[in-house]
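Right, one structure below, let's go through it.
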Amino acid sequence: MAPSRLNDIVDIALPPTKSTSASATVTTTTLPNTPTSSVGSRTFGRSIMNTSLIESKFLSHPEDLGVVAVGFSGGQCKPGVDAAPSALIEAGLLTQIRDELGYNLHGHDTVHLYTDLVPKEDSDYRGMKNPRAVSAVTRKIADQVYNQAKEGRLVLTLGGDHSIAIGTIGGSAKAIRERLGREIAVIWVDAHADINTPETSGSGNIHGMPVSFLTGLAKEEKEDVFGWMKDENRISVKKIVYIGLRDVDAGEKKILRDNGIKAFSMFDIDRHGIGRVMEMALGHIGSDTPIHLSFDVDALDPMWAPSTGTPVRGGLTLREGDYICECVHETGSLVAVDLVEVNPSLAPANDIGAHETVRAGCSLVRCALGESLL
């Protein structure tokens, strides 16, 4: 990987540029008209005041936001999801977070493509596709998220396919254990359970397996195939809640039932309404547990987010998705947010689908970070 530009005061008045070529390692995604800060070179966007009215329970610096931009698509087979972070940033997401929500931005002003971590030979292992590449990249992401979370700041990761959650959640789980001596809970908003083991997966795509590795239901001793994961990176099956499920494999259903994992499908949302579902989900987690929110944009109905790799009809409305994020923010327990599986390349030429999906993604993130209707 090319050296991080965190050690430099960058000219962030330059317009954003992007590169999605296979040989590129990072994509410059600079913030227009951002004042540079002399308060440490790790800060690339400084605001005056955070606008959230919610007091954070677990962040020592709630006004600060660590940003990790992950341009990685190796957990699945459709190209283009690696371009999502650039699309989200170029749509103004980080500028909105800084100027409208009042966060100080820390981390990287570049989108990482991790091409230097991808091996030339990466044969299937236990049925998994690209196992060494995904393992190496998620290990690096875990370090990136950990380095932000250990400072007591909220962490936002822009993906990328959902395999990256092995790294994002692994990194935040480790940091919270070290800093607070607590386990984190995960709210996984998705059309899919992503809890296949390598043996139950029909596709071999690792973006359908991250929860099994994070919970220890799937383990591997080989260092270069997720053997790097330790107990400090893992979460309890009792501390994960699913919302929005509607396309769950038979093997996954058995895993959910056998392990007593709390899951709210679209059936539950239709029956109870999103308000009651959120009450039950947060009640299961409790009020004294840090929360990592991992949001796959395909949880939304394709009417609202068509430009994603595995769309499934009958999903959440954008307003329901925003409400989930608002509710999690209101708990004061949020410590990390992932937004994944936006794929701008899947919309037809001149179609507004990619634009609408990016807009939906930006809305979800803003709501999770404290944007309110009034």
Side-chain angles (χ1 to χ4, degrees), residues 1 22 70-82 84 112-145 157 159-171 173 186 188 190-231 233-235 237 240 242 245 247-256 258-259 261 294 296 298 308-310 312 338 340-341 343:
M1 180 179 295
V70 178
F72 182 69
S73 61
Q76 48 85 65
C77 58
K78 294 182 180 179
V81 71
D82 52 322
H112 293 262
L113 302 181
Y114 308 97
T115 52
D116 59 316
L117 299 179
V118 177
K120 293 181 180 179
E121 299 292 333
D122 196 2
S123 58
D124 290 2
Y125 181 74
R126 291 174 59 187
M128 292 182 283
K129 297 176 180 176
N130 308 320
R132 295 160 194 84
V134 179
S135 177
V137 170
T138 54
R139 185 176 193 173
K140 180 63 177 179
I141 294 167
D143 288 341
Q144 291 175 286
V145 171
T157 303
D161 72 65
H162 220 163
S163 70
I164 71 170
I166 295 172
T168 63
I169 295 172
V186 173
W188 192 277
D190 204 322
H192 311 89
D194 295 345
I195 199 170
N196 271 305
T197 65
E199 289 69 34
T200 65
S201 173
S203 69
N205 292 325
I206 299 175
H207 77 157
M209 308 179 199
V211 181
S212 67
F213 280 102
L214 285 165
T215 55
L217 296 173
K219 288 185 178 181
E220 176 54 51
E221 293 183 0
K222 287 173 65 91
E223 183 77 9
D224 63 343
V225 186
F226 305 110
W228 59 268
M229 296 188 71
K230 309 302 179 188
D231 287 345
N233 303 116
R234 296 192 178 100
I235 59 173
V237 292
I240 183 167
Y242 286 99
L245 296 181
D247 186 11
V248 183
D249 295 342
E252 292 180 304
K253 291 179 182 179
K254 186 176 188 305
I255 291 171
L256 293 175
D258 288 351
N259 291 278
I261 295 173
S294 196
D296 186 325
D298 73 21
T308 186
T310 49
V312 185
D338 309 332
V340 300
E341 298 286 1
N343 192 330

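K78 is linked by a side-chain hydrogen bond (donor to acceptor under 3.5 Å, both in side chains) to nothing, counting only residues two or more places apart in sequence or in another chain. Take D249 and apply the salt bridge (Lys or Arg N to Asp or Glu O under 4.0 Å) test, not counting sequence neighbours, and it matches no residue. In this structure E121 satisfies the side chain to side chain contact (heavy atoms under 4.5 Å, CB included) test with no other residue, sequence neighbours excluded. With sequence neighbours excluded, no residue forms a side-chain hydrogen bond (donor to acceptor under 3.5 Å, both in side chains) with Q76. Here A191 pairs with R246, D298, V312 under the side chain to side chain contact (heavy atoms under 4.5 Å, CB included) rule; sequence neighbours left out. With sequence neighbours left out, K254 forms a salt bridge (Lys or Arg N to Asp or Glu O under 4.0 Å) with D258. With sequence neighbours left out, E221 forms a salt bridge (Lys or Arg N to Asp or Glu O under 4.0 Å) with no residue at all. H162 is linked by a ring pair (Phe, Tyr, Trp, His ring centres under 6.0 Å) to W188, counting only residues two or more places apart in sequence or in another chain. Listed by chain and residue number, R132 satisfy the salt bridge (Lys or Arg N to Asp or Glu O under 4.0 Å) test with D224 (two or more places apart in sequence, or in another chain). Qualifying side-chain hydrogen bond (donor to acceptor under 3.5 Å, both in side chains) partners for D161, counting only residues two or more places apart in sequence or in other chains: S163.
For the salt bridge (Lys or Arg N to Asp or Glu O under 4.0 Å) condition, the pairs that include at least one residue of residues 190-206, sequence neighbours left out, are R126-E199. For residues 208-217, no residue pair satisfies the salt bridge (Lys or Arg N to Asp or Glu O under 4.0 Å) rule, not counting sequence neighbours.
Test F226, F72, Y114 against T138 for side chain to side chain contact (heavy atoms under 4.5 Å, CB included) and you get one pass: F226.
Counting heavy atoms from C-beta on, the side chains of N259 and I195 never come closer than 4.5 Å.
Relative to the ring axis of Y125, K222 places its NZ or CZ within 45° and under 6.0 Å from the centre.
Ionic pairing of K140 and D143 is not present here: no N-O contact between side-chain nitrogen and carboxylate oxygen is shorter than 4.0 angstrom.
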For this session: Determine, step by step, whether V340 and I164 satisfy the side chain to side chain contact (heavy atoms under 4.5 Å, CB included) criterion, reporting the C-alpha distance in whole Å, the side-chain angles of both residues, the deciding distance to 0.1 Å, and the verdict.
Result: CA-CA 8 Å; V340 300; I164 71 170; 3.8 Å; yes

